[in-house]
Q: 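So that we are looking at the same thing, I have put the structure below in structure tokens.
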Protein chains: 2
Amino acid sequence: MPRRPASATGSPGIPEATIARLPVYLRALYALADRSIATVSSDELAAAAGVNSAKLRKDLSHLGSYGTRGVGYDVEYLVYQVSRELGLTQDWPVVIVGAGNLGRALANYGGFASRGFRIAALLDCDPAVVGTEIAQHTVRSAAEIEDAVSSHGVSIGVIATPAASAQHVCDRLVAAGVTSILNFAPVVLNVPSGVDVRKVDLSIELQILAFHAQRRTVVASSSEQSWQARRARRKTIGEFADSGGADGLDADTGVEAQAVGT
Amino acid sequence: MPRRPASATGSPGIPEATIARLPVYLRALYALADRSIATVSSDELAAAAGVNSAKLRKDLSHLGSYGTRGVGYDVEYLVYQVSRELGLTQDWPVVIVGAGNLGRALANYGGFASRGFRIAALLDCDPAVVGTEIAQHTVRSAAEIEDAVSSHGVSIGVIATPAASAQHVCDRLVAAGVTSILNFAPVVLNVPSGVDVRKVDLSIELQILAFHAQRRTVVASSSEQSWQARRARRKTIGEFADSGGADGLDADTGVEAQAVGT
DNA sequence: ACGACTTTGTGCAAACGTTCACAAGGGCGT
DNA sequence: ACGCCCTTGTGAACGTTTGCACAAAGTCGT
Ligand SMILES: NC(=O)c1ccc[n+]([C@@H]2O[C@H](COP(=O)([O-])OP(=O)(O)OC[C@H]3O[C@@H](n4cnc5c(N)ncnc54)[C@H](O)[C@@H]3O)[C@@H](O)[C@H]2O)c1
Ligand SMILES: NC(=O)c1ccc[n+]([C@@H]2O[C@H](COP(=O)([O-])OP(=O)(O)OC[C@H]3O[C@@H](n4cnc5c(N)ncnc54)[C@H](O)[C@@H]3O)[C@@H](O)[C@H]2O)c1
């Protein structure tokens with residue numbers, strides 16, 4: 001979590017872990033509001049958000065003492081307070097770079113706009129894609145990144161390009177003035193301090209699930225491999241990845257480059 | 001993170017935080033292997049993975065004492081050990097439920113198969129979609145969930161349906177024998193103990209970014225709203241969400257249902 | 001008007017995670 | 001064969017997060 005060591009100069013300093021949960025509370029609150037529920041207790045809201053109620057109360061206490069003892073929280077009021085804390089009382093223009101499978105899915109995603117995030121521009125470098133319409137947005141050339149960012153005062157960028165282009169795109173976004181980046185490419189992005197990067201990596205999530213799935217399966221079996229012996233260094237790779245497939249590491253890896261030899 | 005309180009009966013008990021980073025290390029290691037680099041020090045690998053080198057060493061030490069003092073780690077060997085720990089020496093069949101924007105993007109995603117995750121079935125309930133081909137997979141009817149799961153021994157399921165269907169789909173997956181679920185729908189899923197759920201929520205990531213972006217912007221300005229006074233309870237919602245848009249909460253919320261009144 | 005009941009807000013301790021700093025260990029040059 | 005130098009592995013300090021448990025505070029019924 002602590003990409004930037006929290007140089008927090010802000011108000012009281014709300015814990016990162018709390019910030020990460022506020023959107024979940026907000027979602028639960030909207031669901032309650034939709035059902036015309038005016039008041040909710042910490043127990044109920046916690047259950048809806050899938051967290052411990054003490055944790056929820058402590059989280060909310062960081063925003064202030066909203067909530068009435070003996071009653072609970074006013075749903076409407078809390079929606080407003082949480083939204084305000086998250087900075088959702090204003091609209092956030094967003095640029096999406098990369099209009100491939102994922103970029104298109106994102107552009108078509110309704111939940112995007114429903115929280116005040118508006119697509120300011122959708123960019124790609126493929127001439128075959130530039131100019132096409134996706135979800136009421138005409139795909140613009142990647143050459144216009146700087147223009148798109150600065151002319152709309154965009155501060156949030158989404159990277160949905162292949163891994164190989166991600167760092168380059170990132171650099172250009174940052175140079176153009178973007179300070180928050182959501183990265184879908186499986187690469188560790190290098191950014192100057194002051195820029196916030198969050199990553200979403202499907203592959204990592206699956207691997208974490210695989211670990212737990214394996215744990216469940218391997219109730220008992222510790223047959224040690226003959227590996228322990230052959231520790232000699234080699235220059236080739238290939239006898240591993242016994243996944244049966246040949247395509248092993250493809251478009252996924254190949255970057256990461258930067259600081260290995262520094 | 002601690003969805004399940006880690007009833008860890010397994011080996012030494014590797015911390016969740018470490019597990020979450022292993023895939024990142026693995027990616028960096030593959031990149032090194034591609035460049036025919038045989039040995040890497042903790043400093044170099046840590047830089048490539050974007051973490052502190054002490055943390056990396058501690059993480060790896062949980063797997064065992066691979067690595068040679070004065071030299072570093074054998075890339076190839078470490079790839080094998082990390083893969084083994086994550087359970088990636090075997091293939092994991094996966095079912096994807098929901099072949100909409102996101103489901104299609106996932107099916108087309110190469111990084112999916114490149115780590116040993118194979119799509120066993122792609123399911124949807126829309127008759128217009130069932131039967132079509134997506135990335136060499138024929139979309140099957142959602143009615144066949146149970147069959148698809150049990151006939152292939154699938155233990156990992158991906159939910160890419162709208163929020164309203166997610167819990168229902170989840171229940172059916174679990175009933176069919178799935179024990180690991182990757183959920184893209186913006187809902188808190190309710191699962192019996194023993195089932196592992198991980199969620200990916202784009203909207204939440206953007207909201208976290210918005211919070212930090214706002215922090216940076218609001219260097220100084222604490223104009224308190226007139227809200228403090230009007231704490232009366234109400235039954236309507238609508239004057240909030242001053243996002244300018246009308247579409248406010250749409251397909252996003254509306255579920256979460258379950259345990260609110262429990 | 002008051003007391004019983006409900007629920008918040010928080011002090012505190014334990015669990016977990018990160019980072020520092022260094023001793024132990026091993027290769028490599030001489 | 002020895003000692004220098006480099007890097008690992010980890011003990012210990014520190015910070016963060018979680019969860020318990022309860023006093024403070026307010027509501028609601030009578
Ligand atoms: N598809 C998925 O489900 C999925 C899931 C997780 C992660 N990812 C990652 O997201 C990224 C995109 O995936 P995808 O499936 O959409 O890939 P894709 O190949 O379908 O789309 C990538 C798009 O980026 C464009 N592009 C390439 N270089 C560019 C540049 N320098 N500037 C602007 N645009 C550029 C390409 O023209 C292409 O249209 C990849 O890094 C992938 O690993 C994808
Ligand atoms: N598109 C995105 O970029 C994106 C990003 C983040 C999260 N999400 C979430 O992912 C989910 C899917 O998004 P999407 O854009 O692909 O939506 P979509 O509407 O394009 O696709 C949903 C698909 O699920 C199918 N479906 C509905 N009920 C089903 C059921 N009971 N069983 C099987 N299939 C069923 C529908 O027929 C449809 O094809 C949504 O919950 C959305 O909030 C989407």
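In what follows, chains are A, B, ... by sequence order, proteins preceding strands, each numbered from 1. Not measured: the values here are computed from a predicted model.
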Q: Look at the aromatic rings of A:Y77 and A:Y66 and report parallel, tilted or perpendicular, splitting at 30° and 60°.
A: perpendicular
Q: Classify the side chain of B:R69 versus the base of D:dT7 as yes if they form a donor-acceptor pair under 3.5 Å and no if they do not.
A: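 Such a pair does not exist between side chain and base.
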Q: Consider the side chain of A:S65, meaning its heavy atoms from C-beta on, and name the nucleotide among D:dT17, C:dT7, C:dG9 that approaches it most closely.
A: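 Between D:dT17, C:dT7, C:dG9, the one nearest the side chain of A:S65 would be C:dG9.
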Q: Between D:dC20, C:dT18, D:dT10, spot the one nearest the side chain of A:A54, thanks.
A: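 Looking only at heavy atoms from C-beta outward on A:A54, the closest nucleotide is D:dC20.
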Q: How close or far is atom C1' of D:dT8 from atom CD of B:E44, stated in whole angstroms?
A: 14 Å
Q: Find the distance A:L56:CG to C:dT8:P and express it as a whole number of Å.
A: 9 Å
Q: What pairs with A:S41 under side chain to side chain contact (heavy atoms under 4.5 Å, CB included), at least two apart in sequence or on another chain?
A: A:D43, A:E44
Q: Can you name the side-chain hydrogen bond (donor to acceptor under 3.5 Å, both in side chains) partners of A:N183, sequence neighbours left out?
A: none
Q: Tabulated below should be each protein N or O lying under 3.5 Å from an N or O of nucleotides 11-13 of chain D; please produce it.
A:
{"unit_1": "D:dG11", "atom_1": "O6", "unit_2": "B:K58", "atom_2": "NZ", "d": "3.2"}
{"unit_1": "D:dA12", "atom_1": "N6", "unit_2": "B:K58", "atom_2": "NZ", "d": "3.0"}

Q: Mind running side-chain hydrogen bond (donor to acceptor under 3.5 Å, both in side chains) on B:D59 and B:Y25 for me, showing each step along the way?
A: CA-CA 10 Å; B:D59 282 344; B:Y25 302 156; 2.5 Å; yes
Q: Among C:dG27, D:dG19, D:dT8, find the nucleotide with the atom closest to the side chain of B:Y73.
A: D:dT8
Q: Heavy atoms from C-beta onward define the side chain here; which of C:dG26, C:dT18, D:dT17 lies closest to that of B:A17?
A: C:dT18
Q: Please report, rounded to the nearest Å, how far the P atom of D:dT16 is from the CD1 atom of A:I14.
A: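 Roughly 15 Å, once rounded to whole Å.
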Q: Pick the nucleotide of DNA chain D nearest each of A:D59 and B:L60; which residue has the one closer to the 5' end?
A: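 Comparing both residues, the 5'-ward one is B:L60.
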Q: Using a cut-off of less than 4.0 Å, is there contact between a side-chain N or O of A:S42 and OP1 or OP2 of C:dT7?
A: no
Q: In chain order, what residues pass the side-chain hydrogen bond (donor to acceptor under 3.5 Å, both in side chains) check against A:S180, with sequence neighbours excluded?
A: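 For A:S180 the side-chain hydrogen bond (donor to acceptor under 3.5 Å, both in side chains) partners, ignoring immediate neighbours, are B:R216.
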Q: Starting from P on D:dT8, measure out to CG on B:L63 and report it in whole angstrom.
A: 14 Å
Q: Looking at D:dC20, I'd like to know if its phosphate oxygens (OP1 or OP2) sit under 4.0 Å from a side-chain N or O belonging to A:N52.
A: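 So the side-chain polar atoms of A:N52 do come within 4.0 Å of the phosphate oxygens OP1 or OP2 of D:dC20, strictly under.
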Q: Measure NZ/B:K55 against C1'/C:dC20 and give the value in whole Å, please.
A: 13 Å
Q: Just how far, in rounded Å, is P of D:dG15 from CD of A:E16?
A: 18 Å
Q: Expressed as a whole number of angstroms, how long is the span from A:R21:CZ to D:dT17:P?
A: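 The answer, rounded to whole Å, is 8 Å.
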Q: What is the distance, to the nearest angstrom, from the CG atom on B:D74 to the C1' atom on C:dG26?
A: 15 Å
Q: Taking A:T217 for the side chain and A:A213 for the main chain, is one N or O donor matched with an acceptor at less than 3.5 Å?
A: yes
Q: Could you work out, with side chain to side chain contact (heavy atoms under 4.5 Å, CB included) as the rule, every residue matching B:A54, not counting sequence neighbours?
A: B:N52, B:R57
Q: In terms of side-chain heavy atoms of B:R57, which of C:dG26, C:dT10, C:dC22 is nearest?
A: C:dC22
